[in-house]
Amino acid sequence: GQRLQRSRASGQTDLFGALAATMPEAEPPLPNVPDWTHHEVLKGEKETLGFYISGHPLSRYEDALRDFADFDVDGLSGLEHGAVLSLGGVVMDLSVRTTKKGDRFGLFQLEDQFGSVKILAWPDVFSRANGVMQNDAAVLVRGRLEIDDGGSMTVIAEEGQSLEDIPERSAR
């Protein structure tokens, strides 16, 4: 205590005393903001870590996938070239390109809980999908499987539709 009083009386401070004098006593209060939605949390996890921790975007579509999808990405390995299939997943890394005639087509990865597969949607299919094929959108793709000589798989889309309200839209 005496040393502190002498330092104050002489007007000198030690190295860390100067820092303590300029630092605020308490942290400022945090702003009151709304919580993130589940979709925002999942998107942040995927961007930051590269995988999901607190769930998967397709978990809310499990019933629709069970009813409308024939396969998941893991099940594609047992199929032959040219097999017709229905596959549900989340659109990732969408690349919209233009043909020589000026028509737009889409190339993207369709990711489900088990992996991802490359999807090619030619202009007629891409235009009929009416903007359904967008990044982070849950979609059901019907198409034909192509396997090249190296064993890599690509699904040539023949139809694409959103998984949102698919049972209602498919009811007759």
Side-chain angles (χ1 to χ4, degrees), residues 33-172:
V33 295
D35 291 341
W36 282 1
T37 64
H38 186 63
H39 178 72
E40 290 172 326
V41 170
L42 293 175
K43 186 175 178 181
E45 289 174 358
K46 182 68 172 181
E47 288 175 0
T48 306
L49 304 172
F51 55 91
Y52 302 105
I53 293 176
S54 60
H56 196 278
L58 292 179
S59 60
R60 61 186 263 207
Y61 302 110
E62 285 179 2
D63 293 336
L65 289 172
R66 194 173 6 299
D67 293 340
F68 295 97
D70 300 333
F71 298 95
D72 52 36
V73 173
D74 196 32
L76 296 180
S77 59
L79 297 177
E80 295 181 9
H81 180 84
V84 177
L85 55 93
S86 293
L87 185 67
V90 177
V91 176
M92 298 293 203
D93 303 327
L94 174 65
S95 174
V96 179
R97 299 187 181 171
T98 307
T99 64
K100 290 180 183 178
K101 291 198 277 182
D103 298 329
R104 296 171 30 153
F105 69 96
L107 186 63
F108 58 92
Q109 293 288 323
L110 188 69
E111 179 180 296
D112 66 6
Q113 296 95 326
F114 306 103
S116 65
V117 66
K118 185 165 107 177
I119 306 287
L120 175 62
W122 289 116
D124 58 337
V125 175
F126 194 70
S127 65
R128 273 187 287 146
N130 267 350
V132 168
M133 294 178 189
Q134 298 177 8
N135 278 325
D136 299 322
V139 297
L140 179 74
V141 174
R142 287 190 176 94
R144 187 176 27 82
L145 181 66
E146 287 193 356
I147 303 172
D148 66 9
D149 294 335
S152 70
M153 294 182 274
T154 302
V155 175
I156 307 301
E158 295 172 358
E159 179 186 356
Q161 56 182 316
S162 173
L163 282 174
E164 194 71 38
D165 303 324
I166 193 169
E168 290 83 2
R169 283 184 280 119
S170 299
R172 295 181 189 222

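Note: L42 CG to L58 CG = 10.0 Å, rounded to the nearest 0.5 Å. Annotation: the span from R60 atom CZ to H39 atom NE2 amounts to 9.0 Å, rounded to 0.5 Å. Interatomic distance, F71 CZ to S77 OG, rounded to the nearest 0.5 Å: 10.5 Å. If you take CZ on F108 and CE on M92, they are separated by 12.0 Å, rounding to the nearest 0.5 Å. For the atom pair CG (L79) and CD1 (I147), the distance works out to 7.0 Å, reported to the nearest 0.5 Å. Rounding to the nearest 0.5 Å places CD of E62 at 6.5 Å from CD of Q113.
The two residues G89 and L110 come nearest to each other via the heavy atoms C-CD1, 3.5 Å. Nearest heavy-atom pair across A64 and I166 is CB-CG2, 3.6 Å. Pairing each heavy atom of A138 with each of Y61, the nearest pair is CB-CE1, 3.4 Å. Pairing each heavy atom of M133 with each of V125, the nearest pair is CE-CG1, 4.3 Å. Of all heavy-atom pairs between G88 and D112, the closest is O-CB, 3.7 Å.
Looking at residues two or more places apart in sequence or on another chain, you find a side chain to side chain contact (heavy atoms under 4.5 Å, CB included) between T154 and K118, L120, I156.
A side-chain donor-acceptor contact under 3.5 Å links N135 to the backbone of L94. At distances below 3.5 Å, not a single donor-acceptor pair connects side-chain atoms of D93 with backbone N or O atoms of Q109. Although no hydrogens or angles enter the test, the distance criterion places a donor-acceptor pair under 3.5 Å between the side chain of E45 and the main chain of I53. For D124 (side chain) and S127 (main-chain N/O), no donor-acceptor pair under 3.5 Å exists by modelled atom type.
Other residues, nucleotides and ligands contribute more than 12 heavy atoms inside 6.0 Å of the CD atom of E40. The local environment of CG in D35 is sparse, with at most 12 non-hydrogen atoms from other residues, nucleotides or ligands closer than 6.0 Å.
The only option from E158, E159, R142 that meets the side-chain hydrogen bond (donor to acceptor under 3.5 Å, both in side chains) definition with S86 turns out to be R142.
Within the 4.5 Å cutoff, no side-chain heavy atoms of I119 are placed close to those of V91. Between V96 and F126, some side-chain heavy-atom pair lies under the 4.5 Å cut-off. Taking 4.5 Å as the limit, every side-chain heavy atom of R104 sits out of range of all side-chain heavy atoms of R97. Side-chain contact between S54 and H38 is present, with at least one heavy-atom pair separated by less than 4.5 Å. Looking only at side-chain heavy atoms (C-beta outward), L145 and M153 come within less than 4.5 Å of each other. Between L87 and L76 there is a side-chain heavy-atom pair separated by less than 4.5 Å. Annotation: side chain of L85 is not in contact with side chain of R144 (no heavy-atom distance under 4.5 Å).
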